[in-house]
Protein chains: 2
Amino acid sequence: MSHISEPTVRRLSNYYRVLEEVAAEGKRMISSQLLAEREGITSAQVRKDLSAFGSFGRRGLGYHVEHLRDEIRALLGLDRRWKACIVGAGHIGSALVSYRGFADQGFDVIAVFDADQDRVGRTLEGLVVRHISQLGPKEGFEIGVIATPVRAAQEVADALVAAGVQGILNFAPRKLKVPASITLRTVDMTMEFESLSYALTHTSDSGPRRRRSAPRRRA
Amino acid sequence: MSHISEPTVRRLSNYYRVLEEVAAEGKRMISSQLLAEREGITSAQVRKDLSAFGSFGRRGLGYHVEHLRDEIRALLGLDRRWKACIVGAGHIGSALVSYRGFADQGFDVIAVFDADQDRVGRTLEGLVVRHISQLGPKEGFEIGVIATPVRAAQEVADALVAAGVQGILNFAPRKLKVPASITLRTVDMTMEFESLSYALTHTSDSGPRRRRSAPRRRA
DNA sequence: TTTTGTGAACGTGTTCACAGCG
DNA sequence: CGCTGTGAACACGTTCACAAAA
């Protein structure tokens with residue numbers, strides 16, 4: 001199974017959700033063609049992705065829905081739970097603590113930290129917000145979630161690494177530096193806003209109006 | 001400037017943030033090399049990206065920080081404001097209404113909708129939550145943000161399109177169908193969780209433990 | 001016949017390396 | 001000399017097309 005590309009893992013995530021739906025609909029088998037249609041991709045892509053992990057299908061029949069779903073669940077590591085903490089009890093941090101999807105995917109949020117004394121001591125979903133200085137290796141956090149303002153993000157990342165986490169989910173719009181042994185995923189909403197803004201500016205109405213002078217051509 | 005790839009636009013977003021920082025530090029010029037280092041990419045990538053839009057640099061000197069920052073701001077369409085509404089006043093929706101980054105990037109959230117009568121009438125950041133049935137074309141929303149549970153997402157997307165939005169920012173973990181003329185960007189946290197879970201499962205400790213029986217080889 | 005699994009062909013995005021210009 | 005702008009080379013991911021299996 002050598003090396004798996006990032007896009008493949010992301011699509012695996014999608015297949016998993018589709019398979020859950022299809023299983024709920026009671027379908028027993030599904031072809032790569034049908035899976036592909038739900039995702040808006042080609043059937044060859046689906047087969048390539050899946051074949052990177054093994055031979056899950058049966059020629060002439062397709063894939064067994066529940067079996068494939070369970071295989072993918074295991075591949076994604078969703079058949080176990082992770083001990084997670086959230087740093088930052090502001091708007092986003094609070095929303096994340098309450099977010100059902102976290103628990104559903106196997107993330108147990110067992111602590112919330114913040115640097116602001118006004119927030120320390122408050123209760124969020126049954127968890128008392130603790131001061132960031134209490135973040136340490138004793139509680140065995142495996143995953144840390146960064147939901148702080150940008151300026152604090154790198155410092156918090158360092159603290160999480162020192163506390164022994166293996167993975168970090170970063171919601172601050174900044175590229176963070178972590179040791180190679182730590183897995184980092186960043187959810188950068190700012191980038192999505194700007195990508196949307198770009199697309200809206202450069203489609204339909206009036207096009208990419210050039211400010212000042214005439215359009216230059218390259219030599 | 002023909003066609004610009006999605007990755008290029010995303011990096012433009014990053015360059016913009018770096019340039020804001022560098023400008024604040026008082027630096028006048030910056031080379032593609034230095035810009036690249038901050039992003040962890042190659043200098044050739046930076047030059048290729050920028051040259052797709054014009055010749056912003058000076059050979060032997062580099063790029064003028066403030067000038068380049070302003071050019072990119074205009075390219076991303078950040079030199080204007082967008083009228084936006086948020087649908088879903090739950091945890092995530094509430095967090096987004098309060099999110100500073102929205103306003104900073106030129107998004108003016110001027111309305112919040114929800115389907116739940118218990119939430120309708122509440123106030124979020126000075127905005128009264130209104131019932132989803134009031135979502136219509138009269139207020140001239142240009143961008144709609146979906147912050148509802150998955151099951152409502154497609155229906156809300158349809159309603160936003162009917163209300164005349166040009167772009168949709170979707171926070172529900174589902175691939176939505178919208179007309180080709182509408183720009184859709186999805187922030188799928190679930191996918192990031194799962195990608196993180198995958199990475200953690202397949203690195204370091206014990207590797208990708210195979211459940212049941214021996215690994216099959218392909219024929 | 002249907003549909004998978006996969007080598008080969010293709011296309012797209014990244015990196016190299018250097019000509020060109022300040 | 002320093003650094004940009006860019007064609008050419010390269011790497012990587014997607015799609016094609018078909019042999020193999022049910």
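Basis for what follows: all heavy atoms, side chains included, without hydrogens, waters or symmetry-related copies. Lettering of chains follows the sequences in order, A, B, ..., and the numbering in each one begins at 1. Keep in mind the model is a prediction, meaning the values are calculated, not measured.
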Here's a test of your reading of the structure: between A:Gly60 and A:Lys48, which maps to the more 5' nucleotide of DNA chain C?
A:Gly60
So do the side chains of B:Phe171 and B:Thr186 get within less than 4.5 Å of each other, counting heavy atoms only?
no
Backbone N or O of A:Ala199 within a donor-acceptor pair of the A:Thr203 side chain at under 3.5 Å?
yes
Atom pair distance, as rounded to whole Å: CZ in B:Arg58 and C1' in D:dC1:
18 Å
Rounded to the nearest Å, what distance is computed from the CD1 atom of residue B:Ile30 to the P atom of nucleotide D:dG2?
18 Å
It should be established whether B:Ser32 places a side-chain nitrogen or oxygen under 4.0 Å from OP1 or OP2 of nucleotide D:dT4.
yes
Rounded to the nearest Å, what distance is computed from the CZ atom of residue B:Arg11 to the P atom of nucleotide C:dG13?
10 Å
Ignoring backbone atoms, establish whether B:Thr42 has a side-chain N or O less than 4.0 Å from OP1 or OP2 of C:dT15.
yes
Quick check on DNA chain D: between A:Ala44 and A:Leu61, whose nearest nucleotide comes earlier from the 5' end?
A:Ala44
Check the angle between the aromatic planes of A:Phe107 and A:Phe102 and answer parallel, tilted or perpendicular using the 30° and 60° thresholds.
tilted
Looking at A:Ile132 and A:Phe113, what are the two nearest heavy atoms and their distance?
CA-CB, 4.1 Å
What is the distance from CD1 of A:Ile4 to P of D:dC12, rounded to the nearest Å?
14 Å
Nearest-angstrom distance from the residue atom CG of B:Leu68 to P of D:dT4:
11 Å
Should B:Glu66 and B:Lys27 count as an ion pair when the cut-off is N to O under 4.0 Å?
no
How do A:Pro7 and A:Arg47 order along DNA chain D: which one's closest nucleotide is nearer the 5' end?
A:Pro7
Would you kindly compare A:Leu50 and B:Thr8 by the position of their nearest DNA chain C nucleotide and give the one closer to the 5′ end?
A:Leu50
Respond yes when some side-chain nitrogen or oxygen of A:Tyr63 is under 4.0 Å from OP1 or OP2 of C:dG5, and no when none is.
yes
If I take atom CZ in residue A:Arg59 and atom P in nucleotide C:dT3, what distance separates them, rounded to the nearest angstrom?
14 Å
Measure the distance from CD on B:Gln33 to C1' on D:dG5 and round it to the nearest whole Å.
16 Å
Using whole Å, report how far CG of A:Asp49 lies from P of C:dT6.
13 Å
